[in-house]
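See below for the structure under consideration.
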Amino acid sequence: SGLPTSTVTVTPASPVFTGETVKLKCEINSDYSNWRYEWYKDSVILQTSERYTVNRDTLTIRGATESDQGQYWCKGQRDGRPNSSTSSSAVSLSVKDLKSKPELTPDPAGAALTGNTVTLTCRMDPSTGNWDSYWYKHTLNPETEKKKTNSYSLKIDSVSDGGQYWCRAGRGKPVYYTQYSDALWVNVTVSPKAVLTVRPDERVFRGETVTLRCDIKWGGDTEWTYRWEIEGTNNQYKNTVSRTSTQELSISSVDLSHSGKYTCTGQIHTQSSQRSDAVTLTVSAEAQASVRVSPQPWLTEGESVTLICEVSGSSKGWTFSWFRDHDHLSDSSRGAGGSYTLSPAALQHTGVYTCRAERGRPAYYTHNSSSQTLWITGVSASVSLVINPSRSQHFSSDSLSLSCEDQSNSTGWTVRRYTDKDTQTCAKRTGSGCVMDSLSTSDTGVYWCESESGEKRHPRNITIHDGEVILESSVDPVIEGETLTLHCLHRSTNSPILSADFYKDGSLIQNQTTGEMNITTVSKSHEGFYYCKTERGQSLHSWISVRVRVQVRFLSSKSSVFFWPLLRIC
């Protein structure tokens, strides 16, 4: 058989660069051992020297120079048969000066945002072979990191992760390094936080159109895209992710399944803003308007009353329409902000009021509210309702008498009342009056005098309390400029309690040790809901309204006649 064949391999692959360490390995295709290796360059056998060393089958050239260029081959020798191998084919070794250096580039280019990742790429000319990359950052203690790939993922957690970065390539043992790349500045900016807003409200109703908008406060003309995340209460929308190129996410005709937590982030290429705070969208069944009245639905002409329209569970973005006896009221100036005020109220304002709310485009309408009746009665100097005891609050189980007094001596006036149940004539009548022997809370209501023809006069609010404390105030009106006197009474004594706190509209106004509070020279600003509180309990609230003293001068007379319009405490 023929002689064993031999082959030479070179590491690194040619060309190599000045200063590199080159290793040539002679591989003999033989089952025999104990080979001695001979190395040749350009037909001259190589001898071991300071730069050329042979270790068994490997020739090492240290610090390669251009003089090391040439044709290299090897041959094996041994004692015994076969005593040699064939000469290997020659390999050409090329040695050059390395003039190129790595190019360092970032992705994405430009400013880096905190919370994102920047990929640095260290590129060598592909014709120079394969290299490992070594990475450097300019710090007080520069750190070096070796990576087999030519890319480096830089996690930007804070502004301090910015700065100057370099790379260089290296290969072999010992490592042969290229020159450093040019320095790359990584500029880090704090990532802006997305702000999520929702129209018309976070609490909406089935069938409304909802628009969510994602805003990024960021200078320049940067084009953002947007990412929406939804953590729904319905499995269909659980952890849904949506991408859109616009700032707004619109949901037409929402239903209960759209309820959930919504967040958004802005994106520039591969970088993201900080995620917005979550907005919880709550979708309820159809909206229902409701109406309430302040201070109360029974009043005398000339007084003021306000109807308030509200939508249960939602307060933003509504406009309101008002109806009296099913007719739309066009005087919208009275209905600003959901309130409809009649000041002064007139007899023709008596009627059944309802309201409706709307919002959004296209408009979404609530159901009409339940009805609220307003009763406005005329001022009569001749007919008055007399209440004994003369106060607006009474203890349950006490007795109360009411009568209609007519100074014009006309007859036919009857005490009537309206409670939460119905309208009725006083049950136990005594002429034009009635007696209530044992009061109960169901007797709370509005009482008035009514003629046979249906005229209503002098309405008064009477409240029955089953607690231990009531507020005593005159059942008749207080006129501007007069003195208002209030007492705090206890059930067991029916006399003032020595120490009492007096409140107006929920705020403490006086603390008295006599159980009595006086407001001298009453003005319009003293109108409001009053109550008292003691260690034995708290009274119910009474509304006290104030009206101006009216002066009428008869031009044909030298004297003046004064009229004091009726004023009620209810």
Side-chain angles (χ1 to χ4, degrees), residues 5-29 37-44 46 48-75 87-107 109 118-138 142-154 164-184 186:
T5 59
S6 57
T7 306
V8 173
T9 59
V10 181
T11 304
S14 183
V16 297
F17 300 100
T18 303
E20 272 197 281
T21 296
V22 183
K23 293 187 177 182
L24 299 92
K25 185 174 182 179
C26 187
E27 296 181 350
I28 298 175
N29 185 20
Y37 296 89
E38 296 175 350
W39 289 94
Y40 297 85
K41 176 192 173 193
D42 298 332
S43 302
V44 178
L46 293 173
T48 299
S49 66
E50 183 179 346
R51 292 197 311 108
Y52 287 78
T53 58
V54 175
N55 181 14
R56 296 180 58 81
D57 58 354
T58 302
L59 168 66
T60 301
I61 305 173
R62 291 180 173 81
T65 64
E66 289 186 8
S67 65
D68 295 317
Q69 293 187 134
Q71 301 290 318
Y72 289 79
W73 72 90
C74 70
K75 181 178 180 181
S87 297
S88 70
S89 298
V91 295
S92 177
L93 182 64
S94 174
V95 180
K96 299 180 178 180
D97 287 332
L98 181 60
K99 297 180 180 179
S100 63
K101 60 183 178 182
E103 179 186 11
L104 181 56
T105 57
D107 183 26
V118 175
T119 300
L120 304 180
T121 301
C122 191
R123 285 192 180 87
M124 281 292 291
D125 183 345
S127 66
T128 61
N130 297 322
W131 301 85
D132 294 329
S133 297
Y134 293 80
W135 301 89
Y136 304 85
K137 179 185 179 184
H138 179 66
E143 296 181 2
T144 303
E145 184 171 348
K146 174 185 175 183
K147 294 180 73 68
K148 291 294 184 183
T149 62
N150 67 342
S151 64
Y152 181 80
S153 292
L154 178 61
Q164 206 169 21
Y165 288 80
W166 299 267
C167 74
R168 60 176 175 170
R171 65 184 183 187
K173 293 184 179 179
V175 178
Y176 172 79
Y177 293 104
T178 67
Q179 297 179 60
Y180 287 98
S181 68
D182 292 335
L184 172 69
V186 176

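Keep in mind the model is a prediction, meaning the values are calculated, not measured.
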message: Do Thr60 and Asn55 have side chains that approach each other closer than 4.5 Å (heavy atoms only, starting at C-beta)?
response: no
- prompt: How far apart are the closest heavy atoms of Val22 and Ala64, and which atoms are they?
  reply: CG2-CB, 4.1 Å
- line: Rounded to the nearest 0.5 angstrom, the CE-CG distance for Met124 and Asp132 is 12.0 Å
message: Val95 vs Thr18, test: side-chain contact (heavy atoms from CB on, under 4.5 Å). Steps then yes/no.
response: CA-CA 6 Å; Val95 180; Thr18 303; 4.1 Å; yes
message: Nearest 0.5 angstrom please: Leu24 CG to Thr9 OG1, how far?
response: 7.5 Å
task: Answer yes or no: is there a side-chain heavy-atom contact under 4.5 Å between Tyr176 and Thr21?
output: no
task: State, yes or no, whether a side-chain contact exists between Cys122 and Trp135 at a heavy-atom distance under 4.5 Å.
output: yes
- request: For Trp39 and Cys26, run side-chain contact (heavy atoms from CB on, under 4.5 Å): C-alpha distance rounded to whole Å, both residues' side-chain angles, the deciding distance at 0.1 Å, then the answer.
  value: CA-CA 9 Å; Trp39 289 94; Cys26 187; 3.5 Å; yes
query: Is there side-chain contact between Ile28 and Ser6, with heavy atoms separated by less than 4.5 Å?
result: yes
query: Any side-chain heavy-atom pair from Leu98 and Gln179 closer than 4.5 angstrom?
result: no
- prompt: In terms of ring plane angle, is the pair Trp73 and Tyr40 parallel, tilted or perpendicular, where the classes change at 30° and 60°?
  reply: parallel
field: Nearest heavy atoms of Arg51 and Ser67, plus distance in Å
entry: NH2-OG, 4.1 Å
query: What's the spacing between Ser88 OG and Tyr37 OH if we round to 0.5 Å?
result: 12.0 Å
- request: Measure up the Tyr180 and Tyr136 rings against each other and bin them: parallel (under 30°), tilted (30 to 60°), perpendicular (over 60°).
  value: perpendicular
- request: Check the pair Tyr72, Ile61 against side-chain contact (heavy atoms from CB on, under 4.5 Å), reporting the backbone distance first and the verdict last.
  value: CA-CA 12 Å; Tyr72 289 79; Ile61 305 173; 3.9 Å; yes
- request: Give the minimum heavy-atom separation between Ala169 and Tyr134, together with the two atoms involved.
  value: C-CD1, 4.4 Å
- prompt: So do Pro102 and Thr178 actually touch side chain to side chain, heavy atoms under 4.5 Å?
  reply: yes
query: How many angstroms lie between atom NZ of Lys137 and atom CD of Gln164, to the nearest 0.5 angstrom?
result: 11.0 Å
message: Can you give me the closest heavy-atom contact between Pro106 and Val118, atom names plus distance?
response: CB-CG1, 4.1 Å
query: Out of curiosity, Leu59 CG to Lys25 NZ, how far, rounded to the nearest 0.5 Å?
result: 13.5 Å
query: How many angstroms lie between OG1 in Thr128 and CZ in Arg171, if you round to the nearest 0.5 Å?
result: 6.5 Å
- prompt: For Asp125, what residues pass the side-chain hydrogen bond (donor to acceptor under 3.5 Å, both in side chains) criterion, not counting sequence neighbours?
  reply: Ser127
message: Using the side chain to side chain contact (heavy atoms under 4.5 Å, CB included) definition, which of the options Thr105, Leu184, Asp107 pairs with Leu120?
response: Leu184
Gly170 versus Val175, closest heavy-atom pair with distance: CA-CG1, 3.9 Å
- request: Looking only at non-hydrogen atoms, find the nearest pair between Ala90 and Gln71 and report the distance.
  value: CB-OE1, 3.6 Å
- prompt: Would Thr53 and Arg62 count as a side-chain contact (heavy atoms from CB on, under 4.5 Å) if you check the C-alpha gap in whole Å, the side-chain angles of each, and the deciding distance to 0.1 Å?
  reply: CA-CA 9 Å; Thr53 58; Arg62 291 180 173 81; 3.0 Å; yes
message: Looking at Asp182 and Lys101, is there a salt bridge between them, counting it only when a charged N and a carboxylate O are closer than 4.0 Å?
response: yes
- prompt: Are side-chain N/O atoms of Asn150 and Ser133 paired as donor and acceptor at under 3.5 Å?
  reply: no
